[in-house]
Protein chains: 2
Amino acid sequence: MRLTEKKLTSILRQRGYRLTPQRRAVLKVIALSSDHLTPAAIYERVRRKHPGIGLVTIYRTLAVLAELGLICEVHAGGSCRSYLMRKPPGHHHHLICSQCGRVVDFSDCDLGGLEQRLARENGFKIEGHLLEFLGLCPACQKSAQA
Amino acid sequence: MRLTEKKLTSILRQRGYRLTPQRRAVLKVIALSSDHLTPAAIYERVRRKHPGIGLVTIYRTLAVLAELGLICEVHAGGSCRSYLMRKPPGHHHHLICSQCGRVVDFSDCDLGGLEQRLARENGFKIEGHLLEFLGLCPACQKSAQA
DNA sequence: CAGGTAAGTGAAAAACGTTTTCATCTACAC
DNA sequence: GTGTAGATGAAAACGTTTTTCACTTACCTG
Ligand SMILES: [Mn+2]
Ligand SMILES: [Mn+2]
Ligand SMILES: [Zn+2]
Ligand SMILES: [Zn+2]
């Protein structure tokens, strides 16, 4: 189900929020990216088309959108907080070189079974997961031998 | 296998680190707690018996202990970073409530096959992984209905 | 289509949590 | 003991997030 303008307005209004150009712009940036974006990265991108926007508004908007369940917040290693659309078509994960920081994406993780078991055993409603492998990339393995 | 003073010294020295009273104190606080403790909480507790210690030392010590694999770092909702003893023998993972921050541990993740495939396809030498599920705990699901 | 008002915005400042810097100190090898 | 690489603490720098406040705007009502 695509998120039409109409639907978006109604979701917001249901909780007493208004649909402003700023909120539209922030949501659009997140929707068009398949990566996790930090508040700063979102700010940068939104400003390209919307130069007057304030960083404060980014934070406030992220809080509202997350509260409404339209986007979700992810905690990763480095910059800790980032956001992405709630149900992306195939989430994605990272293989990170612990030495040079190089990142490789992958998307097939096959955690469905584990997820179901954990949900059942603990009574959780699971919304997402964070999976990162850490290791040495080919280049750093070579330089480590030297 | 308990972590004796002797063993600890040897683990540290293997990498060129020294065993200082401050490091001993930080590790002790973490070992005696079954919770995840933030750097600030650790600082507070260590200071009770060790008033002169600086917060900087807490941060530096946490980085060293995590690098050595003696403790592990957790990213949860609110205060984001916290630490706890690494539970032998296997690694352990978290199921985190995105609303109240409650954390449930689990240890069986069965990622061996995926790990091997990623290593082969990308030439990485994989050293470890981070796996966290995010969702709503039973209590927060109830309060969400209201 | 006004007009009124609650909600939203942006600039600036404050509040955090974390890292860097640097002079001093100390654990440990010899 | 002595020398030295490694560790510490205070202060300052830093980047991120929140608060405050005067001003503006989306949206309801008539
Ligand atoms: Mn990615
Ligand atoms: Mn845990
Ligand atoms: Zn985090
Ligand atoms: Zn690398």
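All values below come from the heavy atoms of this structure, side chains included, with hydrogens, waters and symmetry mates left out. Chain naming here is simple, since letters A, B, ... match the order of the sequence lines and numbering starts at 1 in each.
Both B:Tyr59 and B:Thr20 lie close to DNA chain C; mapped to their nearest nucleotides by heavy-atom distance, the more 5′-ward contact belongs to B:Tyr59. A residue-by-residue look at B:Leu55 and A:Thr9 shows that B:Leu55 has its nearest nucleotide of DNA chain D further toward the 5' end. Looking at which nucleotide of DNA chain D each of B:Gly16 and B:Gly52 is closest to, the 5′-most match is held by B:Gly16. Residue B:Pro39 is the one, among B:Gln22 and B:Pro39, whose nearest nucleotide of DNA chain C lies closer to the 5' end (criterion: closest heavy atom).
Between B:Arg81 and C:dT19 there is a side-chain polar atom (N or O) within less than 4.0 angstrom of OP1 or OP2. Contact check, B:Arg13 against D:dG6: no side-chain N or O comes under 4.0 Å of OP1 or OP2.
Side-chain atoms of A:Pro21 lie closest to D:dA26 of the nucleotides D:dA26, C:dC28, C:dA27. Considering only side-chain atoms of B:Arg18, the nucleotide from C:dG8, C:dG17, D:dG6 that sits closest is D:dG6. Checking C:dG10, D:dT8, C:dT19 against every side-chain atom of A:Val56, the shortest atom distance belongs to C:dG10. Nearest to the side chain of B:Arg23, among D:dA7, C:dG17, D:dT17, sits D:dA7.
Put simply, CD1 on B:Ile53 is 15 Å from C1' on C:dC25, counting in whole angstrom units. What separates CZ of B:Arg15 from C1' of D:dA7 is a distance of 18 Å, to the nearest Å. Regarding B:Leu62, its CG atom lies at a distance of 10 Å from the P atom of C:dT19, rounded to whole Å. Atom CZ of B:Arg47 is separated from atom P of D:dT8 by 17 Å (rounded to the nearest Å). Across the protein-nucleic acid pair, B:Tyr43 atom OH and C:dC16 atom C1' stand 15 Å apart, rounded to whole Å. Here C:dA7 presents its P atom at 14 Å from CD of A:Glu67, a figure rounded to the nearest Å. Counting to the nearest Å, the C1' atom of D:dA7 and the NE2 atom of B:His50 are 13 Å from each other. A:Gln14 places its CD atom 14 Å from the P atom of D:dC28, with the value rounded to the nearest Å.
Between the side chain of B:Ser10 and the main chain of B:Lys6, no donor-acceptor pair closer than 3.5 Å is present.
Between B:His93 and B:His129, the two ring planes are parallel [angle under 30°; tilted spans 30° to 60°].
Within 3.5 Å, no donor on the side chain of B:Arg60 pairs with an acceptor on the base of D:dG6, nor the reverse.
Between A:Asp110 and B:Arg117, none of the side-chain N atoms (NZ, or NE/NH1/NH2) sits under 4.0 Å from a carboxylate O, so this pair counts as no salt bridge.
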query: Between B:His94 and B:Asp105, does a side chain to side chain donor-acceptor pair (under 3.5 Å) hold up when you go through it step by step?
result: CA-CA 5 Å; B:His94 294 129; B:Asp105 294 318; 3.1 Å; yes
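A:Leu37 approaches A:Ile30 most closely through the heavy-atom pair CD1-CA, 4.5 Å.
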